[in-house]
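Labels below follow one simple rule: chain letters A, B, ... track the order of the sequence lines, proteins then strands, and each chain is numbered from 1.
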Amino acid sequence: METLEEIKGRIENEISGAIVEILPNDSPSNQRSLLIGAEHGFRVAAWLRDEPALRLDYLSNVTGVDWPEKVVKDKVKVKRVVEGEEKEIDQVMERRLGGFLEVVYHLYSMEHKHGPVVIRMRTGDRAEQTHLPSLTPVWRGAELQEREVFDLFGIVFDGHPDLRRILMWDSFQHHPMRRDYVEVDDYEYEPTPHDAVLAKARQHYPKEAKSE
Amino acid sequence: MDQGLRSELSKQGIFTSTLEELYNWGRRNSVWPLQFGLACCAIEMIATSMARFDLARFGAEVFRPSPRQADLMIVAGTVTKKMAPQVVRLYNQMPEPKYVIAMGACAISGGPFKQGYNVLKGIDRYIPVDVHIPGCPPRPEALLHAFMTLQRRIDSQKLTGANRARHLDPEAPSEFPVPEFGADDLEPAYNPQVWQPPTFVRDE
């Protein structure tokens with residue numbers, strides 16, 4: 001199979017305006033992925049499936065990732081006048097990175113027996129701009145998995161034939177796999193609580209109760 | 001009738017019994033479970049009913065596919081919050097006398113998924129459970145043991161008086177409220193008539 005750089009170049013040649021970025025992966029697997037702009041996501045996906053040399057006709061997995069807002073600290077050297085002398089001082093600059101939701105597709109080719117090619121799409125933010133194009137018309141296997149991503153992460157897939165919740169009930173208001181989801185406060189006895197569960201145990205069963 | 005007279009009579013070829021014993025004997029030996037499984041525990045339940053473990057020895061081989069023909073509900077597996085109202089509704093549709101065995105860690109407490117956002121922490125929050133079986137999943141022997149425990153329980157039930165069986169008490173409820181789907185959780189989170197949160201003293 002051709003390299004990701006070659007695939008990226010060919011996508012940009014074939015589909016005008018398509019934005020493709022190669023995302024590095026620092027883990028031992030070094031499985032890099034293609035970040036595709038949401039505007040052209042559908043056309044890129046259809047091209048990946050139909051292009052004779054690639055023929056990525058099998059979608060093995062769809063999943064979602066939640067990237068909450070975070071603050072990154074950078075050290076910057078700044079020249080300042082301290083006590084009449086000009087000195088270089090390290091200053092810590094804080095940058096606020098906006099959060100977003102991401103959907104990941106793992107593609108293989110049954111025809112050429114190659115893969116995987118991992119493609120990703122990102123939403124604008126985590127609150128309002130959560131729409132992404134549905135790839136269900138390209139790979140039918142995405143239907144239930146996109147519903148699951150919609151249910152648990154709250155990404156709205158435009159063009160999905162039947163976008164409903166699949167695991168939680170319809171009147172459920174939250175998206176449980178988001179990092180800021182707060183579950184209902186229904187802690188009950190646990191024989192060996194640890195970490196977060198121990199904190200809940202302390203809150204629900206205060207130690208003072210023992211002396212009574 | 002005292003036991004001495006009874007054994008004396010049986011030596012003479014006269015068999016005596018009480019209506020209560022006869023009634024309980026009949027019910028105990030033909031319990032029809034509901035054919036209904038929720039997760040991996042159901043596989044062990046199926047194994048229990050097959051030739052090797054042979055639940056038919058206890059008169060319970062007829063798994064009924066309809067709640068209207070069943071009188072034992074074996075809650076075999078994880079009860080998710082989405083499934084819980086349907087389980088309660090099935091229980092409500094069963095005719096009296098009816099019994100419940102909560103099979104496995106999940107059905108009795110939520111098990112390994114207890115702290116999950118979507119799992120009910122035990123079916124005994126909504127319906128009365130007669131026998132709880134721990135295990136993940138419990139072996140068929142454990143289900144057989146639970147079944148024998150249930151049989152002993154049926155055997156000790158009274159027909160009259162304050163301690164009579166629930167189905168003979170016109171005041172006792174036969175149906176329990178089905179929880180509604182709420183915005184965050186099931187409403188109510190448990191039925192206080194059936195279950196109350198445990199009081200527990202923490203050591204550390």
Side-chain angles (χ1 to χ4, degrees), chain A residues 63-66 68 101 126-127 144-145 147-155 162-212, chain B residues 38-39 77-89 102 104-126 129 132 134-136 178-192 194-204:
Chain A
T63 190
V65 187
D66 179 19
L101 300 162
R126 298 170 75 251
L144 295 185
Q145 299 189 71
R147 275 179 67 182
E148 192 177 332
V149 172
F150 165 69
D151 187 354
L152 302 181
F153 289 93
I155 299 174
D162 182 25
L163 195 66
R164 286 178 292 136
R165 282 185 180 270
I166 188 168
L167 296 174
M168 305 307 284
W169 52 91
D170 290 334
S171 55
F172 190 72
Q173 293 294 317
H174 312 278
H175 302 293
M177 292 295 277
R178 286 203 188 184
R179 302 293 285 267
D180 52 1
Y181 169 67
V182 182
E183 59 198 74
V184 287
D185 190 24
D186 60 351
Y187 174 80
E188 273 164 24
Y189 168 73
E190 184 90 348
T192 54
H194 293 288
D195 305 334
V197 182
L198 181 60
K200 285 186 193 175
R202 290 203 168 114
Q203 188 192 338
H204 280 254
Y205 298 100
K207 208 173 178 181
E208 291 86 72
K210 199 180 177 184
S211 58
E212 286 171 14
Chain B
L38 294 173
T78 317
V79 187
T80 57
K81 285 176 180 170
K82 198 174 178 179
M83 191 65 188
Q86 278 71 262
V87 176
V88 178
R89 194 167 285 127
C106 297
I108 66 177
S109 72
F113 314 112
K114 181 166 183 165
Q115 302 301 333
Y117 54 87
N118 60 338
V119 173
L120 186 69
K121 295 173 170 59
I123 191 63
D124 52 1
R125 271 143 195 74
Y126 294 115
V129 175
H132 296 78
C136 186
V178 178
E180 301 275 335
F181 290 129
D184 315 286
D185 198 1
L186 290 174
E187 289 167 5
Y190 59 89
N191 180 358
V194 180
W195 184 87
Q196 293 284 342
T199 49
F200 166 66
V201 180
R202 199 163 51 80
D203 292 334
E204 47 170 329

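Here CE of A:M168 is found 9.5 Å from CZ of B:F181. Values are rounded to the nearest 0.5 Å.
The two residues A:F172 and B:D184 make their nearest non-hydrogen contact at CE1-O, 3.2 Å.
Salt bridge status for B:K81 with A:D186: present, with a side-chain N to carboxylate O gap under 4.0 Å.
Counting heavy atoms of neighbouring residues, nucleotides and ligands inside a 6.0 Å radius, atom CD of B:E180 does not exceed 12 of them. Within a 6.0 Å sphere centred on CE of A:M177, other residues, nucleotides and ligands contribute 12 heavy atoms or fewer.
Heavy-atom distances place no part of B:A189 under 4.5 Å from chain A, backbone and side chain included. Contact annotation for A:E183: only side-chain heavy atoms (C-beta onward) come within less than 4.5 Å of a heavy atom of chain B.
The main-chain N or O of B:G182 is found under 3.5 Å from a side-chain atom of A:W169 such that the two form a donor-acceptor pair. A donor-acceptor pair under 3.5 Å links the side-chain atoms of B:K82 to the main chain of A:I166, judged by distance alone.
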